[in-house]
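Report on the following structure.
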Amino acid sequence: MDAIRPLARTLLRDRAYASIRDAIVAGEIEPGAVVRDAELAERLGLSRAPVREAFARLVDEGLLESKPQSYTRVTQVVAADVRDAAAVVGAMHELVTRAAVPRLFAADIETMRAANERFAAAVRAGEVDEAIRADDELHDVLVRVSGNRAAAATAARYTPLIRRLERRRFGEGGNCRSAGLHDRLIEACAAGEVDGAVRVTAEIWRGLAELADSD
């Protein structure tokens, strides 16, 4: 039974963080909702300590706001916050795209194409979760190939702030322009056009910032 060991405290904290973050991003815990560590700890089957640690991280990342001895609640979707996050995440994706394009193999391009096909089909069907997964898979190819862990970590930190608004856009079906932008990105990558791929990447994330302003 050597493989059955107590989970490390950091793993419990990370589990609590990921579960609460995903519920906020998916809208299962709505903006403005008050969250309580005891209630969520019970639902997650954890003690209150890792949930409190997760709360602190989510406050730091802008998904929760807290007033000591009063409340902890989900933040509203604020256009300025989404725009700032999109600028940071977009800059990270431009950075990894510039590094990754010269290193891509044919198999990487095919992975991106297959992901975009699934993405477009999911958007048309209004399957938001599948659209998000396919979108992540497409962009993760460039993140992985770039090998830039700092850029990946920075993007991962700020992406949840914009994902709530992004989910709404993906749920609009045919109104989403991302599949076409993805096609242009993939073709630039396939042709080894670094500057072209970076320009399309910038356009993708600029569109998210503009969506925040129009929301």
Side-chain angles (χ1 to χ4, degrees), residues 18 21-22 25-26 77 82-215:
R21 177 203 62 201
D22 291 349
V25 171
V77 180
V82 176
R83 184 172 59 249
D84 290 347
V88 171
V89 176
M92 295 302 100
H93 279 281
E94 289 178 48
L95 184 65
V96 301
T97 296
R98 186 171 296 281
V101 170
R103 306 175 187 174
L104 291 168
F105 291 101
D108 297 318
I109 300 297
E110 288 310 308
T111 297
M112 294 173 72
R113 286 200 173 107
N116 197 36
E117 289 175 5
R118 292 196 304 277
F119 171 81
V123 170
R124 287 193 298 270
E127 297 174 354
V128 178
D129 289 336
E130 177 57 28
I132 292 290
R133 282 192 292 269
D135 185 64
D136 282 343
E137 183 176 342
L138 188 155
H139 291 289
D140 283 350
V141 171
L142 297 171
V143 174
R144 172 180 55 79
V145 172
S146 78
N148 191 326
R149 290 185 292 178
T154 302
R157 172 172 179 169
Y158 291 103
T159 294
L161 265 181
I162 63 177
R163 186 124 288 174
R164 288 185 287 178
L165 191 60
E166 193 175 26
R167 286 179 65 88
R168 190 181 311 167
R169 183 188 66 168
F170 290 163
E172 294 172 352
N175 295 328
C176 179
R177 296 175 53 242
S178 291
L181 290 171
H182 288 163
D183 281 334
R184 289 170 49 199
L185 172 62
I186 293 166
E187 292 314 309
C189 289
E193 298 175 356
V194 175
D195 290 341
V198 172
R199 281 195 297 271
V200 178
T201 298
E203 186 174 349
I204 290 170
W205 293 96
R206 186 165 58 247
L208 279 172
E210 291 169 355
L211 183 68
D213 288 333
S214 64
D215 188 61

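Along the sequence shown, residues carry numbers from 1.
- Qualifying side-chain contact (heavy atoms from CB on, under 4.5 Å) partners for Arg98, counting only residues two or more places apart in sequence or in other chains: Val194, Asp195, Val198.
- Taking Arg144 as the reference, Asp108 meet the salt bridge (charged side-chain N to carboxylate O under 4.0 Å, His left out) condition, with sequence neighbours excluded.
- Residues passing the side chain to side chain donor-acceptor pair (under 3.5 Å) test with Asp183, sequence neighbours excluded: Asn116.
- In this view, Asp136 and Arg163 satisfy the salt bridge (charged side-chain N to carboxylate O under 4.0 Å, His left out) rule, not counting sequence neighbours.
- Shown here are the salt bridge (charged side-chain N to carboxylate O under 4.0 Å, His left out) partners of Arg206, two or more places apart in sequence or in another chain: there are none.
- When the side-chain contact (heavy atoms from CB on, under 4.5 Å) test is applied to Glu110, the partners found at least two apart in sequence or on another chain are Arg113.
- Tyr158 pairs in a side chain to side chain contact (heavy atoms under 4.5 Å, CB included) with only one of the listed residues (Val89, Val82, Asp84), which is Val89.
- Residues in residues 90-112 take part in these ring-ring contact (aromatic ring centres under 6.0 Å, His included) pairs, two or more places apart or across chains: His93-His139, His93-Trp205.
- Using a 4.0 Å cut-off between a side-chain N of Lys or Arg and a carboxylate O of Asp or Glu, Arg184 and Glu187 do not qualify as a salt bridge.
- Under the rule for a salt bridge (charged side-chain N to carboxylate O under 4.0 Å, His left out), Arg199 has no partner lying at least two apart in sequence or in another chain.
- Evaluation of the side-chain contact (heavy atoms from CB on, under 4.5 Å) rule for Ser146 yields Val96, Ala99, Ala100, Asn148 as partners, not counting sequence neighbours.
- Legend: residues meeting side-chain contact (heavy atoms from CB on, under 4.5 Å) with Ala197, ordered by chain and number and at least two apart, are Thr97, Val101, Leu185, Ala188, Cys189.
- Rounding to the nearest 0.5 angstrom, the gap separating the CZ atom in Phe119 from the CD atom in Glu137 is 12.5 Å.
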CA sep, side-chain torsions, deciding dist, call: Leu181, Thr201, side-chain contact (heavy atoms from CB on, under 4.5 Å): CA-CA 8 Å; Leu181 290 171; Thr201 298; over 6 Å; no
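- With sequence neighbours left out, the side chain to side chain donor-acceptor pair (under 3.5 Å) criterion links Arg103 to no other residue.
- For Glu193, there are no side chain to side chain donor-acceptor pair (under 3.5 Å) partners, not counting sequence neighbours.
- Rounding to the nearest 0.5 Å gives a distance of 10.0 Å between OG1 of Thr111 and CD1 of Ile186.
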